[in-house]
Amino acid sequence: MIDLTPESSPRQIAILGATGSIGASTLDVVARHPDRYSVFALTANADVERLAHLCQLHSPRYAVMADERAANRLRDLLKHESCPTEVLGGVHALCEVARAPEVHMVMAAIVGAVGLKPTLAAVQAGKKVLLANKEVLVMSGRLFMEAVASANACLLPIDSEHNAIFQALPANYRRDSAAAGIRRILLTASGGPFRNTPRAALETVTPEEACTHPVWSMGRKISVDSATMMNKGLEVIEAHWLFGVPASQIEVVVHPQSIIHSMVDYVDGSVIAQLGNPDMRVPIAHAMAWPGRISSGVSALDFFGIATLGFERPDVERFPCLTLAYQALETGGSAPVALNAANEEAVQAFLGRRLGFCRIGDVIAATLERAGQYETDSIESVLEADARAREIARAEIGKRGKA
Ligand code: NAD
Ligand code: MG
């Protein structure tokens, strides 16, 4: 991609999911470099007060609320505060700001399948796309990567593991693991809040316990995914599509300190890792400035303070979601779509105290079984498979409840 923006003008960035955890970390990095970046658009679902506050701080040209009624409230609020930001509403407006000609880069940090259309809009417009919204790649991997290639978009991973792998791969890597001499991708996992919790005790864990991560501070959905280890399962699928590596060559390594963010094991016996303090501003700053480097606000790694790094095998008996994700990737077609949809529904039900923690995996397994597998060769068919799987998952949740 040839970059024609003169050094003197700041890059315009659109942040999808600005009110979330990744949104906050992105805005923190942006604010450290006002000479390099300026905010073109901030988007959120329905948190009017938070987005209004961010508009006052960062003066974007546009603020978009996916929820139209929330957009009306935000418009009134900003008018009252004499803030010149223009307010838009609805999913089509999310897509519009993602593909606006003024935008140089798009941070895709909406949580879940709802991010598919706006993220794809950014890709199809050939933007530099910083991808945090992993569910999009899980649902539409092949179609998404084809869209990246045909629009000549620049896709950079924000998930810390995938950003680490990207940094450990050769600079000219072309999604051919054999040609690059890759033996394995070693995807590190913190193990989540229940790494040492016995199986029986998992039955009664609460949403509050599941959302208290030992290392990372994140949104509620990804926090539950970390607790079930479905997050790592989604990341295996994400790594497959981003780097063109077969599932059999992607191995999960539990590393509780979360200092090594992932590794590439080469055929000559070399293992290249990326290390750093566990703070999402590291991968965000890396992707924003790539191929350069900028400060992220994260302190230098203190090796003497860390002292030891530990490694364990994942326990697939207690965390069956990891196996389900590998199976869905092997099955292909609509299976990863159903996996993601059932997981989103089950996590929502768990957070709403309508489903027990250990039933999340059961609901996903039953949905995969009932939904069957078929080809998803268009975005419409992906969205249909998503809707179908959600219906099945909701029925399965209804059957199980808190049992
Ligand atoms: P979050 O819950 O903190 O924020 C989610 C954002 O998405 C919010 O701005 C919210 O308004 C927006 N959103 C939610 N529903 C929406 C809808 N229907 N329409 C439009 N916008 C909507 O989540 P997060 O932790 O920031 O995670 C965002 C994404 O990044 C997820 O896909 C997650 O898996 C991924 N990710 C997060 C982290 C992390 O450290 N938080 C790390 C790696 C990857
Ligand atoms: Mg991750």
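Quick caveat: nothing in here was measured; it's all calculated off a predicted structure. First listed ligand is number 1; within each ligand, the first listed atom is number 1.
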Considering only heavy atoms, which protein residues lie less than 4.0 Å from any atom of ligand 1? G17, A18, T19, G20, S21, I22, A44, N45, A66, A109, I110, V111, V114, A132, N133, K134, E135, D159, M218, G219, I222, M280
Is it true that the side chains of E238 and H162 contain a donor and an acceptor less than 3.5 Å apart? yes
Decide if atom CZ of R142 counts as having more than 12 heavy atoms of other residues, nucleotides or ligands within a radius under 6.0 Å. no
Under 2.8 Å from the Mg ion (ligand 2), which protein N/O/S atoms are there? D159 OD1, E161 OE1, E235 OE2
Ignoring hydrogens and geometry beyond distance, is a side-chain donor-acceptor pair present between R69 and N72 at under 3.5 Å? no
Taking atom types as modelled, is there a side-chain donor on E161 or N163 under 3.5 Å from an acceptor on the other? no
Between N343 and D225, do the side chains contain an N or O donor and an N or O acceptor separated by less than 3.5 Å? yes
Examine the side chains of S223 and S226 and answer whether a donor and an acceptor come within less than 3.5 Å of each other. no
side-chain hydrogen bond (donor to acceptor under 3.5 Å, both in side chains) assessment of Q257 paired with H255: CA-CA 6 Å; Q257 296 83 6; H255 163 50; 3.2 Å; yes
Under the ring pair (Phe, Tyr, Trp, His ring centres under 6.0 Å) rule, what do F166 and F243 come out as? Steps first, then yes or no, please. CA-CA 8 Å; F166 180 82; F243 306 119; 7.2 Å; no
F194 and F319 aromatic centres sub-6.0 Å: no
